[in-house]
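Take a look at the structure set out below.
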Amino acid sequence: MKGKRRRFWEGCKTLLIILLSCSTVFLASRTLLPQGGRTFLSRLSPSATGSVGSLDSLTRSAQTLQPAAFAVTWTEGRYAVLYHQEDQEGYTQISALLSEALNDAATPVPVTARQWELVLSQPGAFCEYSGDIPLDALTLWLSDQDNPVLTGYSARRLCVTAQTLYFATSGADERYYAAPLSTDLSASLDYLAQRFPANGARFACEDCSYPLLRRDALVLSSTPSVPCLHGEEPIADNEDGTPDATLNRILQLLSFHPQTNPLYAITGGHAITDGGETLRILDNTLTYRRTDDSALRLPAEHPLDATRMLAEATVGATAGDARLYLREVATQGSVTTVTYGYAYRGAAIEQGVDGWCAKFTVEDHAITSLILRPRHYTVAEAQSVTLLPQEQAAAIVGARGLELVILYEDPLGVQDRLVPFWATRAEGR
């Protein structure tokens, strides 16, 4: 009798493990591959899919959805991942929870900075991105669904509690909002808390040792050891003047076809002309500006969808050990400018003076100009740098309320070895 009972309970345990495994796979597929190809292509006009080379065969990756840092807080402790660390399974689980909250959120209402700080200490999940992300786009990308009440709001930091989605806007006029949830997420938060070990993470507002940092900055007492990166140019032209495989692929994605319209030499580089329009390649930089208003070479009915797809298929595909992140979205009148940057884990790689690796200008439902600076980054495992502990680095911050982040600088061709360092920056920059 005891043997039968033991076999029964062992069977129940096995079934539970199988169900949990299936649940994890399902959440990962919803979060990391949210029906990417179908979502993007359904938002393009029928003529668009055939006009961008092989773009219609590509799907969106999850690289631009990965946060720079996150934390899970429960009654007895907190677990956090900062800019130099990585926890892919943790990112997946946090993103699944955030997806549910964004999709379920009601109209946001303003809250005070003090209320935002109090929320950070409550059981919940905190997420910080490298750049501001429009929340309606983030909802679509994570859940494959629209939530129109979030249109017009952008955030870099979000916090999900059992019954509310909180977020903080960026910039000089920083504001805080709370969006009530119709679904209680207590069970999901309890599940997350059981998945992570407490590692002593805290927010600056909870510890008087960090008086100069942003009060919602995540801090860890560990000493960061961060690898150097090697950067190199991933595109070139062959001895006979034809583009190599990587450059050829990028050109075709931009609807320039070197098989029928060969590259030709210009001062300092090459160019290609197709349909009366020209793309120039100078110093590993591809530049295009529409000259024919009647041409619809790169349609963009939805600027963020279109530019994210192109960025991931071009500069994102050459990134190597780095990944892309959405850096900035700026709209002035009918013109929207979208930039993307490279990052290693949660540490941004500042390219040149501007910092970005891809810049798109969208007007009249089309990409009217673009600049791409593709790079390939490789981790130099044997060349790690031990940085100052966060508390010591924060003690020498020059002004109150700054962000303390880990960065790499890539001067584009001046050197190929990138050394990480602590840096401060004002919010929104």
Side-chain angles (χ1 to χ4, degrees), residues 31 65-102 104-105 108 111-133 135 138-139 142 150 153-170 174-181 185-186 188-207 210 213-222 325 345-347 390 401 403-406 427:
T31 302
L65 301 182
Q66 184 167 306
F70 75 84
V72 177
T73 303
W74 57 96
T75 305
E76 296 83 13
R78 177 183 292 128
Y79 171 81
V81 168
L82 288 191
Y83 314 110
H84 61 291
Q85 301 169 318
E86 187 169 41
D87 181 347
Q88 197 59 57
E89 183 179 355
Y91 289 136
T92 301
Q93 294 171 343
I94 287 287
S95 296
L97 178 71
L98 181 58
S99 169
E100 187 174 0
L102 287 165
D104 194 53
V111 295
T112 65
R114 178 57 179 163
Q115 287 174 295
W116 166 254
E117 293 173 13
L118 291 174
V119 164
L120 299 179
S121 298
Q122 298 175 11
F126 172 85
C127 191
E128 177 185 340
Y129 285 90
S130 299
D132 294 340
I133 299 186
L135 295 187
L138 184 60
T139 305
L142 285 176
L150 297 178
Y153 295 97
S154 295
R156 183 177 297 185
R157 298 172 182 85
L158 305 97
C159 185
V160 180
T161 65
Q163 297 180 333
T164 309
L165 168 69
Y166 295 88
F167 60 90
T169 64
S170 299
E174 189 169 21
R175 297 183 181 182
Y176 306 91
Y177 292 90
L181 305 177
L185 298 181
S186 298
S188 298
L189 289 171
D190 289 343
Y191 173 79
L192 276 182
Q194 296 170 14
R195 304 291 293 175
F196 298 115
N199 62 358
R202 53 205 182 279
F203 289 96
C205 60
E206 301 170 330
D207 192 329
Y210 302 90
L213 289 188
R214 283 182 55 91
R215 293 182 59 77
D216 56 6
L218 266 176
V219 293
L220 277 172
S221 58
S222 60
Y325 72 93
R345 295 183 175 173
Q390 201 169 2
E403 290 184 88
L404 180 65
V405 295
I406 296 175
E427 180 62 26

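Because only heavy atoms are used, hydrogens play no part in the values below, and waters and symmetry mates are left out as well, while side chains stay in.
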Please round to the nearest 0.5 Å and tell me the distance separating atom [atom1] of [X] and atom [atom2] of [Y].
| X | Y | atom1 | atom2 | answer |
| --- | --- | --- | --- | --- |
| S154 | Y129 | OG | OH | 13.0 Å |
| I133 | T139 | CD1 | OG1 | 10.5 Å |
| L98 | I94 | CG | CD1 | 8.5 Å |
| L138 | L65 | CG | CG | 7.0 Å |
| H84 | S222 | NE2 | OG | 4.5 Å |
| Q66 | C127 | CD | SG | 10.0 Å |

query: Can you find a pair of side-chain heavy atoms, one from R215 and one from W116, that are under 4.5 Å apart?
result: no
- prompt: Side chains of L120 and F126: closer than 4.5 Å at any heavy-atom pair?
  reply: yes
Which atom names give the shortest non-hydrogen contact between [X] and [Y], and what distance separates them?
| X | Y | value |
| --- | --- | --- |
| Y177 | V111 | N-CG2, 3.8 Å |
| S188 | L97 | CB-CD1, 3.8 Å |
| L189 | A125 | CD2-N, 4.0 Å |
| Y79 | V81 | OH-CG2, 3.5 Å |
| A105 | L165 | CB-CD2, 4.0 Å |
| G200 | L220 | C-CD2, 4.2 Å |

- line: Residues passing the side chain to side chain contact (heavy atoms under 4.5 Å, CB included) test with A204, sequence neighbours excluded, are Y210, L213, A217
query: What pairs with E206 under side chain to side chain contact (heavy atoms under 4.5 Å, CB included), at least two apart in sequence or on another chain?
result: R78, S121, R202, F203
- prompt: When you look at L142 and L102, which way does the side chain to side chain contact (heavy atoms under 4.5 Å, CB included) test go after all the steps?
  reply: CA-CA 9 Å; L142 285 176; L102 287 165; 3.9 Å; yes
Kindly say whether [Y] contributes a backbone atom to a donor-acceptor pair with the side chain of [X] at under 3.5 angstrom?
| X | Y | answer |
| --- | --- | --- |
| D132 | T169 | no |
| Q93 | G90 | no |
| S130 | A68 | no |

- request: Could you list the residues that satisfy ring pair (Phe, Tyr, Trp, His ring centres under 6.0 Å) with F70, not counting sequence neighbours?
  value: Y91
query: How are the rings of Y153 and F167 set to each other: parallel, tilted or perpendicular (split at 30° and 60°)?
result: perpendicular
message: Using a strict threshold of under 4.0 Å (side-chain N to carboxylate O), is an ion pair present between R156 and E403?
response: yes
query: Between the side chains of Y166 and Q115, does any donor sit under 3.5 Å from an acceptor?
result: no
- request: For T164 and V119, run side chain to side chain contact (heavy atoms under 4.5 Å, CB included): C-alpha distance rounded to whole Å, both residues' side-chain angles, the deciding distance at 0.1 Å, then the answer.
  value: CA-CA 10 Å; T164 309; V119 164; over 6 Å; no
- prompt: Is there a side chain to side chain contact (heavy atoms under 4.5 Å, CB included) between L158 and L135 once you walk through the steps?
  reply: CA-CA 10 Å; L158 305 97; L135 295 187; 3.8 Å; yes
message: Checking R345 against I406 for the side chain to side chain contact (heavy atoms under 4.5 Å, CB included) test, could you report, in this order, the C-alpha distance in whole Å, the side-chain angles of both residues, the deciding distance, and whether it holds?
response: CA-CA 10 Å; R345 295 183 175 173; I406 296 175; over 6 Å; no
